[in-house]
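Each chain gets a letter, A, B and so on, in the order its sequence line appears, and its residues count up from 1.
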Amino acid sequence: MIDLKLLQKDFDAVSMALSRKKVDATLIEALKEKNEALKTAKSSYERAQAAQNEMSKQFGLYKKEGKDTAQLKTTLDANKSQITLFLDQQREAEAALDALSMNIPNIPDADVPEGQSDEDNVELRRVLEPRHFDFTPKEHWELAEQNGWIDFERGVKVAKSRFSVSYDMGARLERALINFMLDFNRARGFTEVSVPSLVNRRTLEGTGQLPKFEDDLFKIEGEELFLIPTAEVPLTNLYQDEILEAESLPLLMTGYTSCFRKEAGSAGRDTRGMIRQHQFHKVELVAITTQEQSEAVFVQMVQCASDLLGALELPHRLMQLCGGDLGFSAARTIDLEVWLPGQNCYREISSISNTRDFQARRARIRYKDGGKNMLAHTLNGSSLAVGRTMVAIMENFQNGDGSITLPSVLNSYL
RNA sequence: AGACAGGUGGCCGAGUGGUCGAAGGCGCACGCCUGGAACGCGUGUGUAGGGAAACCUACCGAGAGUUCGAAUCUCUUCCUGUCUGCCA
């Protein structure tokens, strides 16, 4: 949630910043109005309630002293109906404000580049030269099937489209990658955490998936539980409603989970292969920091993911997302795109975001700083999507005969 | 899943309709005491919103209700414990 006080204080700046994220100015205007309306309703209610409390005390004293309470009761009853009225107004205003504010995305950082779509993202740097092939590199689904690593048909049979099954070396590579990534992150100070794959509504609101993106989530019938779309959701919300000690920050966590996404708006995109699946594996990085620490931790997380790709000898580039391509909760994001020789292009394999205090405000994650409670900063990033990493390995390490020579760092994991 | 018992401040724990944001204790902070410490004594010690401030409002798991007035009464719900059932 954005800072409503900031909105009140500097409407133009907030409005301007949000327009870079394609938020309509009238929406922000409405937000400001609702906020004012709520304050008015609230102060009316509180004034009436204060009078009621005072008179109720009187009432008690009268009773004790045996005085006549009939007249006081009439005044109280009249005031009570006022209170009910004001309270209704307050609740109405609150509901309206909530409905609006929970659907407003985060304000991008000042230095986020202008732009509408991923075409306007800015390339920061490239790491490792793509290898030269003296044959035409194949796409990963061809290699996966040829090597018997992935079975696309049987996944569809037991579930539905966009589900697949890994076999033999495919399954083992998956497991090896997960272990390798977790160990890699652990060595860089991230604590390994294993979390639930089902979470409640409150938790998804905390990180910003709800209320706006319910269509993208798998929901358990008859329960208020959803399958997580990323480990970011349970990991970040581990500390919801908590006030942490500043000295205990930053909290650095890494966790492996399956991720589940409906891919509601992606009909027809990446239908072939394992780039876009309803279920995929991912190792995630999450950090909870003080406001001063978050920038440095962000850089650290980006470096961690880039180094991981480096260790796997996968050529990639770092892209800073423009305002229009930024996700709902993010103030700044750097995507890591891995080189796929089969597709002859760079594809997103990791996305690292600083949400600043946006999620912390929703999830009420705070820390004590010299007796004062401050909103924490939360950051998240994939330490690589496992499926896409397998795609990248297959395409980059393929030989002319379709066989695959795996990167040597994985030797001890296979 | 069924039966019973509970959910109160950082922690323990009192409070069954009024002046209770909540006794008492522990912990913590500051001061006194001391050569220094312990002990002892004193003061203070939740969160959120509004206000320049005085101060006001809300919060005793959550939500709704009864009442002039609810931590206290009623209903719903969530969570925890114990026993029974089921199960990796």
Side-chain angles (χ1 to χ4, degrees), chain A residues 1-9 31-102 194-206 210-211 219-226 234 237-249 257-258 357-376:
Chain A
M1 206 163 79
I2 64 164
D3 187 354
L4 292 176
K5 277 187 188 158
L6 187 67
L7 178 74
Q8 215 173 357
K9 217 177 348 174
L31 188 68
K32 190 187 172 172
E33 273 166 29
K34 293 291 177 198
N35 193 34
E36 307 275 336
L38 175 62
K39 283 179 75 172
T40 309
K42 221 171 173 172
S43 74
S44 300
Y45 162 75
E46 285 183 1
R47 229 178 299 120
Q49 185 63 52
Q52 189 78 356
N53 288 347
E54 191 47 49
M55 285 190 283
S56 286
K57 262 185 209 172
Q58 277 292 317
F59 191 98
L61 285 172
Y62 277 27
K63 278 274 185 199
K64 214 176 191 175
E65 295 164 3
K67 285 193 196 158
D68 180 35
T69 55
Q71 205 191 328
L72 188 53
K73 173 99 164 74
T74 313
T75 318
L76 273 159
D77 284 345
N79 191 51
K80 174 78 179 219
S81 56
Q82 281 284 299
I83 290 177
T84 313
L85 191 76
F86 289 143
L87 192 59
D88 283 349
Q89 286 174 1
Q90 184 189 320
R91 285 191 176 159
E92 207 175 300
E94 234 159 21
L97 185 66
D98 265 5
L100 271 174
S101 64
M102 290 294 277
S194 176
V195 289
S197 297
L198 295 174
V199 293
N200 59 35
R201 190 170 283 277
R202 167 80 215 283
T203 292
L204 285 153
E205 282 169 355
L210 287 181
K219 187 177 179 195
I220 305 297
E221 201 176 335
E223 305 260 354
E224 275 300 280
L225 289 171
F226 301 80
N237 280 285
L238 246 26
Y239 296 94
Q240 70 179 215
D241 291 325
E242 293 195 32
I243 301 171
L244 304 158
E245 293 300 328
E247 301 77 57
S248 69
L249 302 178
T257 66
S258 285
D357 61 12
F358 184 83
Q359 293 179 329
R361 186 173 290 106
R362 294 172 155 239
R364 294 169 51 85
I365 303 171
R366 291 166 296 174
Y367 63 95
K368 265 217 187 316
D369 188 17
K372 221 173 130 82
N373 291 332
M374 309 290 287
L375 285 168

Work out how far the [atom1] atom of [N] is from that of [M], and round it to whole angstrom.
N: B:rA3; M: B:rA71; atom1: P; result: 30 Å
N: B:rC26; M: B:rU45; atom1: C1'; result: 13 Å
N: B:rA5; M: B:rC73; atom1: P; result: 14 Å
N: B:rA62; M: B:rC11; atom1: C1'; result: 23 Å
N: B:rG2; M: B:rC86; atom1: P; result: 15 Å
N: B:rA70; M: B:rG27; atom1: P; result: 36 Å
N: B:rC33; M: B:rA38; atom1: P; result: 14 Å
N: B:rC32; M: B:rA23; atom1: P; result: 28 Å

[X] [atom1] to [N] [atom2], straight-line distance once rounded to whole Å:
X: A:N35; N: B:rG50; atom1: CG; atom2: P; answer: 9 Å
X: A:D241; N: B:rG61; atom1: CG; atom2: P; answer: 16 Å
X: A:D77; N: B:rC68; atom1: CG; atom2: P; answer: 6 Å
X: A:E223; N: B:rU77; atom1: CD; atom2: C1'; answer: 14 Å

The side chain of [X] is closest to which nucleotide in this list: [options]?
X: A:R366; options: B:rC68, B:rU47, B:rU19; result: B:rU47
X: A:K368; options: B:rG18, B:rU57, B:rU47; result: B:rU47
X: A:N373; options: B:rG49, B:rU47, B:rG18; result: B:rU47

Any side-chain heavy-atom pair of A:E36 and A:Q8 under 4.5 Å: yes
Please classify the nucleic acid contact of [X] as base, sugar-phosphate, or nothing, using heavy-atom distances under 4.0 Å.
X: A:Q52; value: sugar-phosphate
X: A:R91; value: sugar-phosphate
X: A:K73; value: sugar-phosphate

Polar side-chain atom of A:D369 near backbone of A:K372 as donor-acceptor pair, under 3.5 Å: no
Donor-acceptor contact below 3.5 Å, side chain A:N79 vs main chain A:A48: yes
5'-most by nearest nucleotide on RNA chain B - A:K63 or A:K39: A:K63
Residue mapping more 5' on RNA chain B - nearest nucleotide basis, A:I243 or A:K64: A:K64
OP1 or OP2 of [N] sitting under 4.0 Å from any side-chain N/O of [X]?
X: A:N53; N: B:rU57; answer: yes
X: A:K5; N: B:rG50; answer: yes
X: A:K42; N: B:rG50; answer: no
X: A:Q49; N: B:rA58; answer: yes
X: A:R202; N: B:rA62; answer: no

Look through every strand shown and name the nucleotide pairing with [N] as Watson-Crick or G-U wobble, where both distances are under 3.5 Å.
N: B:rG35; result: none
N: B:rA64; result: B:rU74
N: B:rA14; result: none
N: B:rG27; result: B:rU45

Matching residue for A:I365 among A:L244, A:N237, A:L375 - test: side-chain contact (heavy atoms from CB on, under 4.5 Å): A:L244
For the student: nearest non-hydrogen atoms of A:R202 and A:A363, plus distance: NH2-O, 3.5 Å
Distance-only polar pair, side chains of A:T74 and A:D77, donor-acceptor under 3.5 Å: no
